[in-house]
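Structure record follows, encoded as structure tokens.
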Amino acid sequence: MTKFIDMATTLSVRSFRTALLRWFAKHQRDLPWRHTHDPYAIWISETMLQQTQVATVRSYYERFLERFPNVWQLADAEEAEVLRLWAGLGYYRRARQLHAAAKQICDQHEGQFPPELEKLQHLPGIGRYTAGAILSFAYDAPAPIVEANTSRVYCRLLALTAPPSQAATQKELWTFAESLQPTSGGSGALNQALMELGSLVCTPQAPQCADCPVKKYCRAYAAGLENEVPCRPAKQKFTALHHALIIVQKQKDFLVRRNPAGGWWEGLWDFPRVDITETMTALVSKKTPTERILVETCQAAFQAKFDLHLDSISHVHTLRHGVTRYRIRLDCFRATSLRLKKLPNEFQWLPLPAIELLGLTSTGRKMLRWISAQDFS
DNA sequence: AATTCGGGGTG
DNA sequence: CACCCAGAATT
């Protein structure tokens with residue numbers, strides 16, 4: 001704290017805050033969660049915003065609050081309904097934890113958010129950042145925050161060249177965030193302003209230092225290091241996966257499956273799919289697989305995994321999508337008939353309008369749109 | 001301390 | 001395609 005003040009010419013943290021807040025008052029975006037001090041609404045927005053961009057969250061946030069206006073209604077909901085409203089946002093664990101936390105808040109805290117950092121952090125899905133956000137935005141309590149935007153802003157203000165992910169750097173960032181907090185109100189606005197600065201001016205690439213209201217406090221700017229700081233993590237390496245998906249139709253119904261516990265997309269619906277990575281890499285190293293090989297592999301994989309025997313399969317579509325460190329090639333097949341002894345109960349036959357209402361994975365929704373455009377009938 | 005959770009928007 | 005995102009929990 002003193003380090004920063006010493007560095008920042010003769011001006012104090014107070015002047016820093018004033019300059020930042022003046023800029024914020026003029027340039028802040030109009031975001032739906034800035035119109036409320038309801039800790040519940042703020043909690044929903046912060047959870048949705050975890051690792052998810054503002055533009056993506058907007059519509060989800062409004063729809064979710066409309067469906068679950070308060071913590072009691074969320075606690076009383078079916079998990080499937082919560083997942084349905086979350087479908088497409090990703091990180092579905094967040095939705096399940098949100099639901100679990102809502103139940104805890106109703107059962108153990110009489111529906112009130114405990115206005116203490118520690119108790120908030122005991123709730124599933126609420127870590128240090130989210131707890132600080134709820135406290136400062138809802139109650140204007142002096143709680144520091146560090147997330148993607150503020151982390152970058154702090155790193156540049158302090159000219160921290162070490163990787164921000166390192167534990168020691170993290171500690172510095174939280175200490176610095178703490179040192180910026182006002183003691184007599186205004187934490188909420190300050191934290192919002194810090195994030196907004198990171199989002200609009202102190203951007204990851206090509207930060208607009210000329211327009212920065214606090215450039216005179218910035219060590220990176222003074223040293224011409226604004227493009228070097230914060231240092232970037234090493235490039236991610238991806239693992240290639242190959243999945244096969246089947247579209248099976250019985251009159252107006254299509255076969256869909258709910259992902260079981262313990263795997264990816266738990267609780268979300270999709271068209272039946274299997275992993276064929278191993279077989280495919282063994283069969284065709286690098287070359288584009290022929291349709292015949294794809295079809296046979298798909299057939300064998302569904303037989304092995306679900307004891308499903310598919311007839312007359314044809315390859316109809318290919319999707320590519322990313323899941324964290326994986327890059328998945330998804331080959332889609334249409335099977336006109338299948339034989340099986342007994343359909344496991346995670347499967348269902350449903351018409352397209354009913355499938356539309358399920359909590360589908362993103363690929364599930366893509367496939368649904370694709371099928372609707374196909375004139376299968 | 002590193003890994004694992006999705007998915008979409010943007011250049 | 002590469003990069004990035006209002007992180008948290010688990011190992």
Connected to A:Leu225, directly or through other members, by ILVMFWY side-chain contacts below 4.5 Å are A:Val229
Go through residues 18-28 of chain A and report each residue with a non-hydrogen atom lying under 4.0 Å from DNA chain C, sorted by number.
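Going residue by residue through residues 18-28 of chain A, none turns out to have a heavy atom under 4.0 Å of DNA chain C.
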Does any residue of residues 57-71 of chain A have a heavy atom under 4.0 Å from DNA chain C, and if so, which ones, in number order?
none
Tell me, which pairs form a side chain to side chain donor-acceptor pair (under 3.5 Å) where one or both residues lie in residues 72-91 of chain A, sequence neighbours left out?
A:Arg67-A:Glu81, A:Glu81-A:Arg84
Using the side chain to side chain donor-acceptor pair (under 3.5 Å) rule, collect all pairs that involve residues 292-308 of chain A, keeping only residues at least two apart or in two chains.
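Qualifying pairs: A:Arg292-A:Glu296, A:Gln303-A:Asp307, A:Gln303-A:His309.
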Which pairs count as ring-ring contact (aromatic ring centres under 6.0 Å, His included) when at least one residue sits in residues 21-53 of chain A, sequence neighbours excluded?
A:Trp23-A:His27, A:Trp33-A:Tyr61, A:Trp43-A:Phe113
Please enumerate all residues that pass ring pair (Phe, Tyr, Trp, His ring centres under 6.0 Å) together with A:Tyr139, with sequence neighbours excluded.
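If we apply the ring pair (Phe, Tyr, Trp, His ring centres under 6.0 Å) test to A:Tyr139, skipping adjacent residues, there are no hits.
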Residues which pass side-chain hydrogen bond (donor to acceptor under 3.5 Å, both in side chains) with A:Thr56, listed by chain and number, not counting sequence neighbours
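Checked A:Thr56 against side-chain hydrogen bond (donor to acceptor under 3.5 Å, both in side chains); zero matches.
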Excluding sequence neighbours, so at least two apart, what forms side-chain hydrogen bond (donor to acceptor under 3.5 Å, both in side chains) with A:Thr130?
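Only A:Gln50 meet the side-chain hydrogen bond (donor to acceptor under 3.5 Å, both in side chains) criterion with A:Thr130.
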Checking A:Gln236 now: which residues fulfil side-chain contact (heavy atoms from CB on, under 4.5 Å) with it, not counting sequence neighbours?
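For A:Gln236 the side-chain contact (heavy atoms from CB on, under 4.5 Å) partners, ignoring immediate neighbours, are A:Phe238, A:Arg325.
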Write out a two-atom table: protein N or O, nucleotide N or O from nucleotides 6-9 of chain C, distance below 3.5 Å.
from: C:dA6; atom 1: OP1; to: A:Val54; atom 2: N; distance (Å): 3.4
from: C:dA6; atom 1: OP2; to: A:Asn149; atom 2: OD1; distance (Å): 3.4
from: C:dA6; atom 1: OP2; to: A:Asn149; atom 2: ND2; distance (Å): 3.3
from: C:dA6; atom 1: O5'; to: A:Asn149; atom 2: ND2; distance (Å): 3.4
from: C:dA6; atom 1: O4'; to: A:Glu147; atom 2: OE1; distance (Å): 2.9
from: C:dA6; atom 1: N9; to: A:Tyr129; atom 2: OH; distance (Å): 3.4
from: C:dA6; atom 1: N7; to: A:Glu46; atom 2: OE1; distance (Å): 3.4
from: C:dA6; atom 1: N7; to: A:Glu46; atom 2: OE2; distance (Å): 3.0
from: C:dA6; atom 1: N6; to: A:Trp33; atom 2: NE1; distance (Å): 2.5
from: C:dG7; atom 1: OP1; to: A:Ala148; atom 2: N; distance (Å): 2.9
from: C:dG7; atom 1: OP2; to: A:Gln51; atom 2: N; distance (Å): 2.9
from: C:dG7; atom 1: OP2; to: A:Gln51; atom 2: NE2; distance (Å): 3.3
from: C:dA8; atom 1: OP1; to: A:Gly127; atom 2: N; distance (Å): 3.0
from: C:dA8; atom 1: OP1; to: A:Thr130; atom 2: N; distance (Å): 2.9
from: C:dA8; atom 1: OP1; to: A:Thr130; atom 2: OG1; distance (Å): 2.7
from: C:dA8; atom 1: OP2; to: A:Tyr129; atom 2: N; distance (Å): 3.4
from: C:dA9; atom 1: OP1; to: A:Gly125; atom 2: N; distance (Å): 2.6

Range-with-range stems of DNA chain C (Watson-Crick or G-U pairs under 3.5 Å, three or more in a row):
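So the stems come out as B:1-5 with C:7-11, B:7-11 with C:1-5.
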